[in-house]
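First comes the structure, then the notes that go with it.
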Number of protein chains: 2
Amino acid sequence: MEDRCTITHQHPEAVERARRALPGELEVLELADRFQALADPSRLRILMALITGELCVCDLASVAGISPSATSHHLRYLRKARLVRSRRHGNVVYYRLACPILRGLLEKARECALPGMEVASLGK
Amino acid sequence: MEDRCTITHQHPEAVERARRALPGELEVLELADRFQALADPSRLRILMALITGELCVCDLASVAGISPSATSHHLRYLRKARLVRSRRHGNVVYYRLACPILRGLLEKARECALPGMEVASLGK
DNA sequence: AGAGTATATGAGCAACTGCTCATATAGTCA
DNA sequence: TGACTATATGAGCAGTTGCTCATATACTCT
């Protein structure tokens, strides 16, 4: 009923320990943004495709199964997040991964493949 | 102008290679859901707090800096995603990490700390 | 049983996301 | 130069997210 626990902390020492383990405000926001970049199926496909090597927007659209326009929007997002870099060659813009650790990160996430994790209905 | 590249693929062989490297539809959705669970600052704080050990809802609310109600909603989300497990002791419900790999995953993500990554304004 | 505490949950709302569509920009080639 | 191609970008919309508020549930203690 009351939306504040009457006792400030149930376990002050554990809370203090946890609080010390947390990174600063800015780093938490950066981390969340980085995960947000990976939290969309289309962006995930784009990034995984780029693990195999440089690809142009049109290629990426084809691999990810979305329109070139949507692809370009996603790439702008990823560029701002500094996860990819681009290089123009004539008419065509080639994208590549900017962060080599991404590959390991994605592999790590796939390892954590929990059987029976619920899907596509997590929100709510 | 045209929203489809006239040539089906600019680089058919690269596209084919990338396509083969992608996991199946279901796994991509699962992965995206897993990253979505990590893509919120409050949930991130909750999970990082739990790395230090078991904590009750009230503790977690205090550490994450959000209301117990919001905390409970997040915990339900994380429970559905099978990232945390709970244990009731009397009046108090204790949460702990369900996936030991999470810790490594979070560390990996922090490694990828790119200097100058833009924050809090990635969307749009 | 009845008051009190911790947690869970549903409704609802403001903010955000990912898409499409229209249009702009940058380059190629005749 | 002008037609064409690849990519970028802004507006706008439907669906989703994360919060609060009200309420429900589960337990404790007297």
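When rounded to the nearest whole Å, the span between CZ of R76(B) and C1' of dA24(D) equals 13 Å. Computed from coordinates, the Y94(B) OH to dT7(C) P distance equals 8 Å when rounded to whole Å. Counting to the nearest Å, the P atom of dG18(D) and the NZ atom of K80(B) are 14 Å from each other. To the nearest angstrom, P of dT25(D) lies 13 Å from CZ of R88(B). Rounded to an integer number of Å, the gap from L60(A) CG to dG18(C) P is 17 Å. The interatomic distance linking H89(A) (NE2) with dT5(D) (P) rounds to 19 Å, in whole Å. In this structure, the CG atom of L75(A) is 14 Å from the C1' atom of dG18(C), given to the nearest Å. As a whole-Å value, the separation of D59(A) CG from dA6(D) P is 11 Å.
Contact check for R45(A) versus E25(B): side-chain heavy atoms found under the 4.5 Å cut-off.
For dA6(C), one of the phosphate oxygens OP1 or OP2 lies less than 4.0 angstrom from a side-chain nitrogen or oxygen of Q10(A). Contact annotation: S42(B) reaches the phosphate of dC19(D) (side-chain N/O to OP1 or OP2, under 4.0 Å). Taking side-chain N and O atoms only, S67(A) has a distance below 4.0 Å to OP1 or OP2 of dT20(C). Remark: Y77(B) is not in phosphate contact with dT9(C), judged by side-chain N or O atoms under 4.0 Å from OP1 or OP2.
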#### Entry: Steps toward ring-ring contact (aromatic ring centres under 6.0 Å, His included) verdict (Y95(A), H74(A))
CA-CA 12 Å; Y95(A) 280 83; H74(A) 280 306; over 10 Å; no
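Residue S72(B) has its side chain nearest to dA8(C) when only dA6(C), dG18(D), dA8(C) are considered. Minimum atom distance to the side chain of Y95(B) is reached by dA8(C), of the listed dG18(D), dT7(D), dA8(C). Checking dC21(C), dG18(D), dT20(D) against the side-chain heavy atoms of H73(A) singles out dC21(C) as nearest. When distances run from any side-chain atom of V57(A) to the nucleotides dA8(D), dT7(C), dT20(C), the shortest one goes to dA8(D).
Counting atom types as modelled, N91(B) pairs a side-chain N or O with a base atom of dT5(C) as donor and acceptor under 3.5 Å. With hydrogens and angles left out, the side chain of S69(B) and the base of dT9(C) share a donor-acceptor pair within 3.5 Å. Residue T71(A) places no side-chain atom within donor-acceptor reach of the base of dT7(D), judged by atom type and a 3.5 Å distance cut-off alone.
Expressed to the nearest 0.5 Å, how far CG of L102(B) lies from CD1 of I51(B) amounts to 7.0 Å.
No side-chain donor from either of T52(B) and R20(A) sits under 3.5 Å from a side-chain acceptor of the other.
Residue M48(A) is grouped with residue V15(B) when hydrophobic side chains (ILVMFWY) are merged at heavy-atom distances under 4.5 angstrom, including chains of intermediate members.
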